Amino acid sequence: MNCFRLENVSHRYDRAMVLHGVDLRLQPGEILGLFGHNGAGKTTSIKLVLGLMKPSEGRVSVLDGEAGDPQVTQHIGYLPENVMFYPQLTGREILRHFARLKGASLQQVPELLKQVGLGDAMDTRTKTYSKGMRQRLGLAQALLGRPKLLMLDEPTVGLDPVATADLYHLLRELRDRGTGVVLCSHVLPGVEPYIDRAAILTNGAVKAHGDLPSLRRQANMPVTLSLEPAGTMSELEKAMEQARASTGLMMKSENGRLQVDVKPHDKMPLIRSLMASGELADISIHQPSLEDIYVHFIGAGGLAHRGGNQ
Amino acid sequence: MNAVWTIARKELSDSLRNRWLVAISLVFATLALGIAWFGAAASGQVGYASTPATIASLASLGIFLIPLIALLLAYDTIVGEDEGGTLLLLMTYPLSRSQLLLGKFLGHGLTLALATLIGFGVAGIAIVLLVEDVAIVSLAVALGRFIGSTILLGWGFIALAYLVSVRVSEKPVAAGLALAIWFFFVLIFDLMLLGILVASEGKLNPELLPWLLMLNPTDIYRLLNIVAFGDTSQLSGVLSLGSDLPVGPGGLWLALVMWCVVPLACALLLFRKRRI
């Protein structure tokens with residue numbers, strides 16, 4: 001069973017093409033990170049899975065059914081990016097309303113509110129809630145009825161570091177129980193340890209897709225080695241000269257350590273020969289982070305990519 | 001059906017919470033009693049004049065108030081949910097767009113119906129208790145007809161407000177358009193009709209003219225409440241066209257129902273096309 005599957009999906013708003021040829025799927029017990037600049041097509045992809053609209057081309061199947069079918073949506077939890085609940089109602093009343101709509105048991109309402117840390121605030125009106133509290137309420141709402149597929153759009157906005165860590169632990173627990181989770185976020189270092197797979201979207205297409213090691217392979221970005229000389233710096237540099245097979249390595253010394261950027265496939269030969277030379281006292285290896293990989297795929301265009309519509 | 005009722009239930013409890021229901025009921029009761037007692041003040045008397053005169057005055061006032069209240073109650077139905085972000089969320093629930101709108105209609109409709117029933121009902125009971133020689137049966141019939149048609153008129157304008165609410169994307173625009181609807185049906189329409197009558201200098205088919213009144217639910221409503229007494233002398237202005245209308249009360253009721261059904265059906269269709 002797939003939690004959802006997009007097959008060669010294209011979508012256009014009016015004339016503007018916002019998605020083209022997207023293939024993406026999520027299996028139960030998996031956390032997928034969905035990344036991309038504003039207007040890359042993340043929200044559109046999510047809306048297609050939620051059944052809020054039909055794709056112009058391609059096929060969308062969700063939980064072995066059709067997107068938007070009531071039988072299917074009943075098992076989806078969704079946290080929108082920015083939701084202002086009904087300000088005159090209390091947290092408990094709002095959650096009860098949504099539980100009724102979802103056909104979920106009303107008994108889980110106080111439990112869920114306690115679980116997201118709103119136990120003390122559940123009977124105050126939400127107009128007094130802070131951004132973080134509204135976010136927690138939204139999360140409780142998404143968890144109603146034990147969803148099989150959970151879609152979270154920027155779930156950590158407004159949450160303090162402790163609450164953020166709690167959220168990620170909760171997601172891990174849900175994943176271990178077989179829930180498929182989609183996580184959209186711009187806080188890449190925060191989500192990096194928790195996602196199983198990442199998909200990077202640019203301009204409506206999937207630019208890169210896979211788990212972190214495979215993304216690193218696709219990106220083929222240099223690994224940074226930080227080397228501490230056993231003797232002097234110049235002896236270490238000499239050893240480097242002899243060891244390196246390929247030329248043109250980026251090297252700089254900093255605080256008595258030598259920083260070397262090396263292509264992934266050159267890494268092990270270099271380390272081996274440095275070890276053999278005996279000039280090495282200590283070594284640490286910095287793999288490119290999710291953020292580095294993201295920037296690599298999105299391109300250095302920076303702000304120019306961040307415009308876009310939708 | 002369950003989902004429809006869940007939505008309706010929230011609207012109802014909202015209108016209880018924000019005191020709308022109580023406020024509208026109070027306004028209606030005060031108004032009805034005021035008119036019943038001071039309706040004859042122009043002729044130098046204070047006290048209950050007659051049932052037909054009271055109902056006619058109430059209906060004249062009703063056409064200003066009922067549409068306004070209905071439009072205010074309902075103009076932000078969809079656009080308000082959209083601005084708060086809850087429309088997007090609701091649509092990810094096992095709830096269709098039609099179910100959402102019908103639930104809203106049920107909730108708003110019940111709110112207005114309850115307020116009308118309570119407000120004018122209380123006034124009716126007060127009249128029976130305080131006025132000595134009032135004919136209870138004829139008062140009950142007239143008041144029943146008045147309450148029924150008031151509810152239908154209110155529902156019609158709720159549906160018209162939905163028509164605006166499902167179409168626009170900003171609340172202030174919806175409020176403006178709702179006021180425009182009120183302005184058109186309550187103030188402009190009769191003036192326009194009068195203008196057409198005068199300008200046409202009798203060249204228009206006289207059999208066609210009375211039908212034009214059917215294009216305005218507030219005119220149907222007034223006709224319904226005044227013609228029923230068989231005393232067409234109460235019909236003033238363009239409404240006097242109504243005495244030539246070849247449809248009986250049944251036709252008028254049907255027309256009023258159509259004014260609920262057609263805008264609501266159009267709103268449902270338009271809502272399906274809304275991009276969320």
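The sequence lines fix the lettering, A, B, ..., with proteins before strands; numbering per chain opens at 1. Just so we're clear, the structure is a prediction, and the values are computed from it rather than from any experiment.
- Using cut-offs of 30° and 60° for the angle between ring planes, the H11(A) and Y13(A) rings count as perpendicular.
- Contact annotation for N18(B): neither backbone nor side-chain heavy atoms come within less than 4.5 Å of a heavy atom of chain A.
- For the atom pair CG (L71(B)) and CD1 (I158(B)), the distance works out to 9.0 Å, reported to the nearest 0.5 Å.
- Within a 6.0 Å radius of NZ in K148(A), other residues, nucleotides and ligands contribute 12 heavy atoms or fewer.
- Heavy-atom distances place no part of E83(B) under 4.5 Å from chain A, backbone and side chain included.
- Partners of R274(B) under the side chain to side chain donor-acceptor pair (under 3.5 Å) rule, at least two apart in sequence or in another chain, are D82(B).
- Of the atoms belonging to L95(B), it is side-chain heavy atoms, and not backbone ones, that fall under 4.5 Å from chain A.
- Annotation: salt bridge (charged side-chain N to carboxylate O under 4.0 Å, His left out) contacts involving residues 101-128 of chain A, sequence neighbours excluded, comprise R92(A)-D123(A).
- With chain B as partner, the option from Q141(A), M84(A), Q71(A) having the largest number of non-hydrogen pairs under 4.5 angstrom is Q141(A).
- The residue among Q74(A), M53(A), E81(A) with the most heavy atom pairs within less than 4.5 Å of chain B is Q74(A).
- Contact tally against chain A (heavy-atom pairs below 4.5 Å) for G80(B), G84(B), S13(B): the top residue is G84(B).
- Residue with the most contacts toward chain A among P94(B), S96(B), G85(B): P94(B) (heavy-atom pairs, distance under 4.5 Å).
- Partner of L150(A) under the side chain to side chain contact (heavy atoms under 4.5 Å, CB included) criterion, chosen from L79(A), L183(A), L143(A): L143(A).
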